[in-house]
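In this text the structure is predicted, and so the values were computed from the model without any measurement. Letters A, B, ... mirror the listed sequences (proteins, then strands); counts begin at 1.
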Amino acid sequence: MRVLTSDRLDRFFATLAQTWELRLPILLPDGTRVIGSPDDGPIALLGIAILSKPTAAFFPQQETLFTASGGVLEEPLAPPRPLFVLGFTPRDLACLRFIDRFFADGWCDDIYFRLRQNSVVAGLSGYCGPGGTLLPPAGGDCDLELFWDGNSWLVIPYSEAGEAIVAELPDTAPPEAVELFRLAAMTPPDENEIVIKRASELLRGDRVPDSFWAEIGDRCIACTGCNLACPTCTCFGVQDWRTATQVERSRMWDSCQLDGFMREASGHNPLGSEALRTRRRIHHKLAADPERWGEISCFVCGRCDAVCPTGIGIFAVARELVARFG
Amino acid sequence: MKRTLTVCPYCGTGCTFYLVSDNGRLVGVEPSTTHPVSRGGLCVKGWNAFAFVHHPDRLTTPLVRRDGVLQPSSWDEALDLVVARLQAVQKRHGADAVMFASSAKATNEENYLLMKLARAVFGTNNIDHCARLCHSSTVTGLAETFGSGAMTNSISCIDQTDVILVIGSNSTEQHPLIGSRILNAAHSGTRLIVADNRRIRLSRHADLHLRHRNGSDVALLNGIMHVIIAEGLADREFIAARTENYAALAEAVADWTPERSAGATGLAADEIVAAARLFAGAERGMIVYSMGITQHSHGVDNVRCIAALALLTGNVGRPGTGVNPLRGQNNVQGGCDMGALPDVYSGYQKVSDPLLRDKFALAWGVTKLPAEPGLPLTRAMDAASAGLLRGMFIMGENPMLSDPDQGHARMALQNLELLVVQDIFLTETALLADIVLPAACYAEKEGTFTNTERRVQRLRKAVEPPGAARADWEIICDLAGRAGYSGMRYANPAAVMEEIATLTPIYGGIGYDRLDPHGLQWPCPDRSHPGTPILHLEHFSRGLGRFSPVAHRLPAELPDDRYPFVLTTGRTYFHWHTGSMTRRTHLLDREEPRSFIELHPDDAARLGVRERDSLLVSSRRGEVRTEARVTTMVIPGVVFMPFHFAEGAANVLTNNVLDPESSIPEFKVCAVRVEKMP
Ligand code: SF4
Ligand code: SF4
Ligand code: SF4
């Protein structure tokens, strides 16, 4: 376990920048925090929750798949320097692990791995949650993890790339900090995790009536934010832009809360109401994915609850569901 | 990667977000976590606001019509031609033979500059913009009753009120981040009354849903006020201290018993009584309204009634109260504030006032400014078809789809000697133009927008405009220079705002250096002023609040045997107005790819119509083909059509009858026939 003091951060990142294209937590002018490039603003490893999803570094909202012109197909190149992305919370890292597997399973999504391959992912944990709350360490799922003990960052590498990056840092973690880390790793699940698990059991036990979804769905304004903010949502739409000389195909984040998402060419829609779509959104994460992948695909990051304008993110729905049927 | 904080280009809610760009191309949107209105959220249009910007249909070069065909030209040629031809028209037919249409999509600075161009350079007050079509009734009605035509309170007041009356506003679809706030309030104990005969989302969360007849708002509101007075629920103290002309109101509503009101509205008498008690019984009540109130041949009367209801219940000048017209376009508030109106300069300073004329003439360095108010946009079409108006310069508007009675609009535009259109796409209107000027879109320029709660916010440039396209403000200034006027040279939009601030008392303290991070709400008279979240706190802008009682008037065209349905028009959640941006946004157009008409199941059964059948809808103005959507959203006898779609355009059908005071067209009521296509 190594140590990175705040006064060495700048030098640390400057060294990294020689090899990697950096994506770091940044404080934007209006106080919003994102994972962005250092040109966007001051680096801010501590602060309010990052609402935009960190997986966007590898799966941006819109990206070109290819351009075709005069019989020649051109695909976008891998970036000149691989990405170093810092800012994933332990829960975000679980999300990343989930979509890494999803994008690699069976077929391999080369557009995703164009950015993901050779990248380095660094997690942030410790007392660096909003308002100084504890984010229990991830203990893996990344190349290295930075754990804030309140004074400095403990740095724990988990991969070869991670080892190489931290090699230069002093190996001087004080025993109290190591103990703090050990205790933090034993933090029991929080209320949201418990409620999500319980909701999953109820859904899988078919204990939730349709009338519940009608009521919740009535509050969905189809803003799509819950999907677009969710690090485990991977659905995308595809569009072609044509000019006289070329076609450009790109993909963009899509949302199962939209009617057009499942509409058939006939016009019929098997998910033609907000009730059915809301049910699907929750059901997919809490009942379908556990069947398919053996785990709930909501890793309790809190983003959908934060962006939903009408208060029906997954925690809110799960809480309501457990209160009524649990 | 670059992130640029800017303002949503769609509705007047004024959410801010970051545009994310990579190598000069937009790749997404990230909401602002801290913004007081959007608070980390956006609606579907905001989330997709980056997606049309690089569309291959964007205009990239000026176009000049030669041999009947629009052909690429240089800026020099196009701009010289615009000036020469505008001047030629004016020389032959007088200064007022040309009209400038400004845009609620353009920035404050651009609206100010276009009105300055019209008035100082071309010597005409013929300048207007699409506020004419949405809230001109509000501007007129509230100016008369309160002295200021803007939303009295702030969006955050929704969290502080006890009862909200939403009338004629489908807020969750048209102002989604305001509508969702109302929805949340309703779930946290705020009482909600929705008066709208469409079964809009908010109605499903309301304590009371009043499905009154289209165009019967005055009858409804008079009935409610009758009950409030009769039951002693009026706020006597407020009336005595802060209002005038109460006796006239009391007299006017004296015979609007709940029974009479029920007869005129199609509601039950006890619904009217319940609404009156619920609204007047609350400590703090907020009224929220929109096009369902304004777009009538008696739109100003509707607004007067709303103002009266707020005065009667003492619901003005406190948090959680107020008369809150939700302004539609992202910058329609700003367009009005900047004087892109035929009768006022920026800050609602009347052109008819000689002192104000002198003030502007002096500042602009001209000897004389025209004194007579100019033509409202809606009257301009009549003037053009009558040959009185000969030249039009249209910036960022598409009247071919947005004006009532499309056949009339087409004829009017074709009748012009000169039509110049400045836009980002080759719209239906631009297709008719003699000269087309390619403009930068919102993501490609600097400026400010003013949202519905009077919040002036910074728009920032994220990417370069395509090809030779230029920002509207640059084009306008270039035109002024070519017309021989030297008073419109600015380094940047910030410099334009400095000039605006010196000439416009309500914007006196606005400057770019003061607008971070979340803007300032006008009135903001000086540099130390913190802005004004709530208007009319101690006294009304006009002194006392005025009751302006009105009589109930029917819509101009009612159903009959030949045209048995009431057609009401509006927008869908996924598209914006004439669709030039949203119909080029993949996900949005996928949601609503086609024109449709909502029809009640009973009517559908009677006509033998099934979901998605092709229908022919006709009115006295014309006919369109569209697709059936059978739904209980509408009541029997009423059909609803959105006006976004060039194919199946609702405005082929609508009635170009205007409110006599505000010149707003009656988009909300006309009579149509619906037939199944063979
Ligand atoms: S909390 Fe919401 S956004 Fe986060 S992983 Fe779960 S479903 Fe996705
Ligand atoms: S964030 Fe909320 S309102 Fe938006 S689509 Fe999701 S559930 Fe619906
Ligand atoms: S609510 Fe209005 S301003 Fe906000 S994102 Fe939607 S369209 Fe844009």
Side-chain angles (χ1 to χ4, degrees), chain A residues 21 23 26 28-34 36-37 39-41 48-53 56-57 60-64 218-225 228-229 237-244 246 248 250 252-255 257-261 263 266-268 274 303 306-311, chain B residues 1-5 16-18 20 22 25-35 38-48 50-51 54-57 172-173 176-177 179-181 183-184 187-188 201 204-205 516-518 573-574 584-593 611-612 627:
Chain A
E21 171 82 26
R23 297 282 181 274
I26 299 290
L28 296 177
D30 74 340
T32 301
R33 235 172 121 231
V34 294
S37 107
D39 307 337
D40 287 330
I48 61 170
I50 293 178
L51 280 198
S52 47
K53 59 180 172 191
Q61 187 171 0
Q62 178 158 313
E63 62 191 324
T64 303
D218 237 357
R219 296 175 63 176
C220 174
I221 63 159
C223 76
T224 74
L228 303 199
V238 172
Q239 76 174 0
D240 286 344
W241 273 354
R242 287 156 202 280
T243 64
Q246 71 164 38
E248 178 186 348
S250 49
M252 78 296 289
W253 296 343
D254 205 339
S255 163
Q257 301 307 287
L258 292 175
D259 187 76
F261 185 81
R263 196 190 297 133
S266 68
H268 172 66
E274 293 100 344
R303 288 191 176 80
V307 301
C308 178
T310 62
Chain B
M1 285 284 175
K2 189 177 107 187
R3 284 170 173 78
T4 311
L5 180 61
T16 64
F17 53 63
Y18 287 87
V20 185
D22 191 12
R25 288 234 335 185
L26 297 179
V27 294
V29 151
E30 285 173 353
S32 154
T33 314
T34 58
H35 191 262
S38 41
R39 302 186 296 179
L42 291 171
C43 81
V44 71
K45 292 183 286 279
W47 276 109
N48 286 281
F50 71 99
H54 307 297
H55 194 282
D57 289 353
T172 57
E173 298 207 2
L177 272 269
S180 53
R181 201 140 170 170
L183 198 158
N184 287 345
H187 277 268
S188 332
R201 182 173 309 284
R204 313 206 280 265
H205 301 269
D516 286 329
H518 301 309
Y573 171 47
F574 295 96
R584 292 181 175 90
T585 300
H586 174 74
L587 291 181
L588 300 179
D589 200 46
R590 186 188 72 187
E591 278 306 288
E592 296 287 8
E611 181 75 5
R612 292 193 290 281
E627 202 178 271

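The contact between B:Arg590 and chain A is made by backbone and side chain atoms together, counting heavy-atom distances below 4.5 Å. Looking at B:Arg25, only its side chain comes within 4.5 Å of chain A, counting heavy atoms on both sides. Looking at B:His187, the atoms closer than 4.5 Å to chain A (heavy atoms on both sides) all sit in the side chain, from C-beta outward. Contacts between A:Ala306 and chain B at a heavy-atom distance below 4.5 Å involve the backbone alone (N, CA, C, O). Using a 4.5 Å cut-off between heavy atoms, B:His586 touches chain A through backbone and side chain atoms alike. Contacts between B:His518 and chain A at a heavy-atom distance below 4.5 Å involve the side chain alone, from C-beta outward. In this structure, the portions of A:Asp218 lying under 4.5 Å from any heavy atom of chain B include both its backbone and its side chain. When heavy atoms are compared at a cutoff of 4.5 Å, B:Pro31 approaches chain A solely by way of its backbone atoms N, CA, C and O. Proximity to chain B is limited to the side chain of A:Arg23, based on heavy atoms less than 4.5 angstrom apart. Neither the backbone nor the side chain of A:Ile50 comes within contact range of chain B, judged by heavy atoms closer than 4.5 Å. In this structure, the portions of B:Glu591 lying under 4.5 Å from any heavy atom of chain A include both its backbone and its side chain. Residue B:Val29 touches chain A through both its backbone and its side chain, counting heavy-atom pairs closer than 4.5 Å. Within the 4.5 angstrom heavy-atom criterion, only side-chain atoms of B:Leu183, from C-beta onward, approach chain A. At a 4.5 Å heavy-atom cutoff, A:Ser250 makes no contact with chain B through either its backbone or its side chain. Looking at B:Arg3, the atoms closer than 4.5 Å to chain A (heavy atoms on both sides) sit in the backbone and in the side chain alike. Of the two parts of A:Gln257, neither the backbone nor the side chain holds a non-hydrogen atom closer than 4.5 Å to a non-hydrogen atom of chain B. Residue A:Glu21 does not touch chain B at all, counting heavy-atom pairs closer than 4.5 Å.
Once rounded to the nearest 0.5 Å, the distance linking OG1 of B:Thr33 with CD1 of A:Ile48 reads 4.5 Å. In this structure, CG in A:Leu51 is found 10.0 Å from OG1 in B:Thr34, a value given to the nearest 0.5 Å. A distance of 8.0 Å separates SG of A:Cys223 from CG of B:Leu177, quoted to the nearest 0.5 Å.
For the pair A:Gln61 and B:Phe50, the tightest heavy-atom approach, listed with the atom from each and the gap, is NE2-CE2, 3.3 Å. The shortest heavy-atom contact between B:Ser180 and A:Ile221 is CB-CD1, 4.3 Å.
With respect to chain B, the highest number of heavy-atom pairs below 4.5 Å among A:Cys308, A:Gly267, A:Pro60 belongs to A:Gly267. Chosen from B:Gly41, B:Pro56, B:Ser38, the residue pairing most often with chain A at heavy-atom distances under 4.5 Å is B:Pro56. The candidate from A:Gln239, A:Gln62, A:Lys53 with the greatest count of non-hydrogen atom pairs under 4.5 Å with chain B is A:Gln62. Ranking A:Asp254, A:Thr243, A:Val307 against chain B, the residue ahead of the rest is A:Asp254, based on heavy-atom pairs under 4.5 Å. With chain B as the partner, the residue from A:Ala222, A:Ser255, A:Gly237 showing the most heavy-atom pairs under 4.5 Å is A:Ala222. Contact tally against chain B (heavy-atom pairs below 4.5 Å) for A:Ile26, A:Val238, A:Thr310, A:Thr64: the top residue is A:Thr310.
Contact check for A:Thr32 versus B:Glu30: no side-chain heavy atoms found under the 4.5 Å cut-off.
For B:Glu611, the side chain to side chain contact (heavy atoms under 4.5 Å, CB included) criterion is met by B:Arg629, B:Val630, not counting sequence neighbours. Looking at residues two or more places apart in sequence or on another chain, you find a side chain to side chain contact (heavy atoms under 4.5 Å, CB included) between B:Val44 and A:Thr224, A:Leu258, B:Asn48, B:Tyr573, B:Phe574, B:Leu588.
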Derivation and outcome, side chain to side chain contact (heavy atoms under 4.5 Å, CB included), residues B:Asn184 and A:Arg219: CA-CA 9 Å; B:Asn184 287 345; A:Arg219 296 175 63 176; 3.9 Å; yes

Side chain to side chain contact (heavy atoms under 4.5 Å, CB included) between A:Val34 and B:Tyr18, intermediate numbers included: CA-CA 10 Å; A:Val34 294; B:Tyr18 287 87; 5.7 Å; no

